[in-house]
2 protein chains.
Amino acid sequence: MGERKRVTIKDIAREVGVSAHSVSLALNNQGRISEPVRKKILETADRMNYRPNILARGLVQGRTYLLGFICPAIHESFFASILSGVEEKCSRKGYDVILGNAFGRDIKTESDALSRILDRKVDGIIAAPDPRAYSVYEPLVSEGIPFVQIMTRIPGLNAPSLSVDNEYGGYIAARHLIELGHSNIGFINTDLPFYEEISQRYKGYTRALLSLEQSVNPQQLSVACENLIDIEQSKEAAKKLLMENRSISAVFAPTDHAAIGVVNACLELGKRVPEDISVIGFDDIDLAHYQIMRPLTTISQPKQEQGYLAFEMIEQLISGEKISDRIIKPELITRTTTAKFNK
Amino acid sequence: MGERKRVTIKDIAREVGVSAHSVSLALNNQGRISEPVRKKILETADRMNYRPNILARGLVQGRTYLLGFICPAIHESFFASILSGVEEKCSRKGYDVILGNAFGRDIKTESDALSRILDRKVDGIIAAPDPRAYSVYEPLVSEGIPFVQIMTRIPGLNAPSLSVDNEYGGYIAARHLIELGHSNIGFINTDLPFYEEISQRYKGYTRALLSLEQSVNPQQLSVACENLIDIEQSKEAAKKLLMENRSISAVFAPTDHAAIGVVNACLELGKRVPEDISVIGFDDIDLAHYQIMRPLTTISQPKQEQGYLAFEMIEQLISGEKISDRIIKPELITRTTTAKFNK
DNA sequence: TTGAAAGCGGTACCAA
DNA sequence: TTGGTACCGCTTTCAA
């Protein structure tokens with residue numbers, strides 16, 4: 001209704017008095033067309049306000065210039081920031097992103113999101129997959145659909161991944177605390193073994209602990225917490241840890257959400273942060289940065305940057321290049337929740 | 001490369017021994033086809049792992065089941081939450097969302113984002129537009145392209161809008177402070193007149209002030225701040241306000257970012273929140289909720305919910321219904337930054 | 001350099 | 001109920 005009929009390549013052809021093919025050539029700068037004709041076509045197209053129909057082009061070329069982006073929680077600023085980076089690059093290169101949200105790490109939802117995206121014949125897919133979703137993503141690999149996994153990687157899946165160096169991140173987090181004089185450094189762990197990024201952070205943490213003069217047992221300094229994104233759960237876990245280990249003077253929480261839980265736990269236990277307990281997180285989400293009273297010391301993941309890189313990787317894959325994994329170095333961001341150990 | 005050729009409607013036709021047309025009918029449950037044939041076609045399609053090509057269908061039907069979503073900062077959890085709501089509904093109804101990020105309220109970027117989205121022949125557009133972008137969005141209206149504006153509305157533009165009742169929100173925010181005994185209630189204003197949502201909140205605030213026994217002059221209790229999303233700028237504005245008006249015992253900041261700035265200002269000025277100064281924000285973003293020490297009292301905007309509603313509105317528009325504006329009631333969320341006035 | 005025609009994968013219209 | 005055919009808007013192949 002009221003919708004203006006869009007001008008097509010044929011309209012221009014008729015107007016200029018050439019064939020549709022010539023118009024197509026001129027529009028795509030294919031060269032083999034005489035300059036005056038080309039110019040006239042371009043002018044007419046412009047005057048008539050021509051916009052190519054990407055669908056039609058996609059249908060014949062088998063390309064859509066569409067990318068799929070799948071993540072478990074787009075409302076989290078963490079994923080939204082990565083998406084923002086992807087989108088920015090896309091807009092520059094003529095791509096568009098379509099979104100698949102896999103609410104709350106439900107494999108079924110994730111699988112549905114992927115199906116929908118595949119039905120759109122996207123040129124490539126960037127996903128922060130559930131590590132258990134091997135069977136969901138495996139078909140992408142075997143069918144050769146460009147696919148980059150970010151954040152998490154699915155064990156055994158032969159698809160390039162982009163992530164921060166989690167082991168190193170865990171290491172510098174613990175090193176930071178050790179350099180402040182702490183030796184009894186707690187860790188909020190997960191009991192879900194498939195979250196490799198967490199176990200890598202744990203590994204870095206234990207490696208740093210090795211440099212301590214007196215040896216400590218990392219296992220005794222850890223608690224398990226089922227969901228490290230849940231502040232309440234992390235708080236409860238931290239309370240347990242702190243009450244059972246009175247000697248702990250610092251805690252490394254492998255996510256910022258967990259770190260916030262830890263600070264909350266300290267507060268409830270009447271311990272001051274950082275005077276009594278130092279706390280360091282991981283990710284550097286907005287929530288860590290914009291704490292009014294206690295901005296969190298944490299390990300940063302460059303999020304927008306990861307979006308850029310993910311786009312570049314998928315672009316290379318689309319153009320047929322072979323690429324390998326990319327690993328970004330995380331950085332220590334010292335803010336207010338860590339301080340020198342004072343016994 | 002290695003990409004399996006997708007099975008098309010013709011492959012199924014050949015396999016079953018019917019025409020492509022019959023396959024199309026069967027697949028779309030168009031009815032006028034005999035049950036056994038229908039069944040066989042469906043089975044074969046399933047067995048061959050058939051997936052329809054949405055592009056091809058869109059090309060002929062003139063529909064894409066694609067929606068455009070435009071906002072100024074997708075990395076903000078506020079917009080990301082709305083998007084999340086839109087996406088959830090979309091996934092249920094066979095739509096997909098493509099994203100247009102209009103970084104930092106730059107009209108040119110916004111206009112480009114819209115062009116890209118229009119080139120995709122989307123069925124409808126949901127946008128949180130810059131209020132100054134009249135000329136960018138006007139063509140949508142005159143060409144009858146389904147369009148819903150959320151959050152902000154462009155003055156004079158004849159397109160349905162969805163937003164919170166900002167005047168009412170401003171009113172209940174100020175009422176809350178008044179009920180706590182405050183009468184000198186400061187306001188962080190913007191000097192940019194086109195942000196109607198802010199001026200509406202201000203209007204609600206002044207209306208509430210009218211109920212005070214002794215009359216106060218709202219203008220004397222306001223400062224201008226250019227960017228109410230910028231915490232630093234808001235902090236500086238608040239410091240100025242607080243230093244020039246020693247009698248102020250409460251501040252209404254019309255965004256949560258500004259409210260965080262105000263709390264920071266209080267801290268720097270050696271004033272306690274909420275003992276010396278009560279602070280209330282607006283929006284209820286994650287940053288307000290997850291403050292460790294001082295979760296913010298604020299006025300909530302249901303974000304996910306707005307995503308749902310925006311989808312419903314655009315869906316109605318697409319199906320040709322006439323719809324009118326929708327206004328949601330915001331709610332007071334009392335947390336820790338407001339307290340009884342004690343002179 | 002240019003034009004005519006085929007075809008991408010579907011749907012819609014018509015006739016059988 | 002079914003099949004044939006045109007066509008959506010564009011690119012590609014082949015001839016001219």
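Hydrogens, waters and symmetry mates play no part in the numbers below; they use all other heavy atoms, side chains included.
Salt bridge annotation for Arg92(A)-Glu88(A): present, with a cationic side-chain nitrogen under 4.0 angstrom from a carboxylate oxygen. Salt bridge status for Arg47(B) with Glu15(B): present, with a side-chain N to carboxylate O gap under 4.0 Å. Comment: Lys93(B) does not engage Glu312(B) in a salt bridge, judged by the lack of any side-chain N to carboxylate O separation of less than 4.0 angstrom. Here Glu87(A) pairs with Arg116(B) in a salt bridge; the nearest charged N to carboxylate O distance falls below 4.0 Å.
Mapping Val60(A) and Lys10(A) onto DNA chain D via the closest heavy atom, the residue that lands nearer the 5' end is Lys10(A).
Candidate nucleotides dT2(D), dT11(D), dG9(D) were compared by shortest atom distance to the side chain of Ser34(B), and dT2(D) ranks first. Listed nucleotides dG9(C), dC10(D), dG3(D) differ in distance to Ser22(B); the shortest reach to its side chain belongs to dG3(D). Of the candidates dT11(C), dC10(D), dC8(C), the closest approach to any side-chain atom of Leu59(A) belongs to dC8(C). Across dC10(D), dG10(C), dT2(D), the shortest atom-to-atom separation from the side chain of Ile9(A) is found for dC10(D). Residue Ser24(B) has its side chain nearest to dT11(C) when only dC10(D), dG9(C), dT11(C) are considered. Of the candidates dT2(C), dT12(D), dG3(D), dG3(D) carries the atom nearest the Val18(B) side chain, counting heavy atoms from C-beta on. Between dG3(D), dT11(D), dA12(C), one nucleotide has an atom nearer to the side chain of Asn28(A) than all others, and that is dT11(D).
A straight line from CD of Gln61(B) to C1' of dA12(C) spans 10 Å, rounded to a whole angstrom. With rounding to whole Å, Asn53(A) atom CG is found 18 Å from dC7(D) atom P. Tyr65(B) places its OH atom 15 Å from the P atom of dG10(C), with the value rounded to the nearest Å. For the pair Ile12(A) CD1 and dG9(D) P, the computed distance is 12 Å after rounding to whole Å. When rounded to the nearest whole Å, the span between NZ of Lys40(A) and P of dT2(C) equals 12 Å. Separating the CZ atom of Arg57(B) from the P atom of dC8(C) is a distance of 19 Å, rounded to the nearest angstrom. One atom, CD1 of Ile41(A), and another, P of dT1(C), lie 13 Å apart when rounded to the nearest Å. Taking atom CG on Leu25(B) and atom P on dG9(C), their separation rounds to 20 Å, with Å as the unit.
Within the 4.0 Å cut-off from OP1 or OP2 of dG3(D), at least one side-chain nitrogen or oxygen of Ser19(B) is found. Under 4.0 angstrom from either OP1 or OP2 of dG9(D) there lies no side-chain N or O belonging to Lys121(B).
With ring centers used as reference points, Phe311(A) lies under 6.0 Å from Tyr95(A).
Counting any heavy atom pair closer than 4.0 Å across all strands shown, Arg51(B) reaches sugar-phosphate atoms only and no base atom.
Below the 3.5 angstrom threshold, one finds a donor paired with an acceptor across the side chain of His21(B) and the base of dC13(C).
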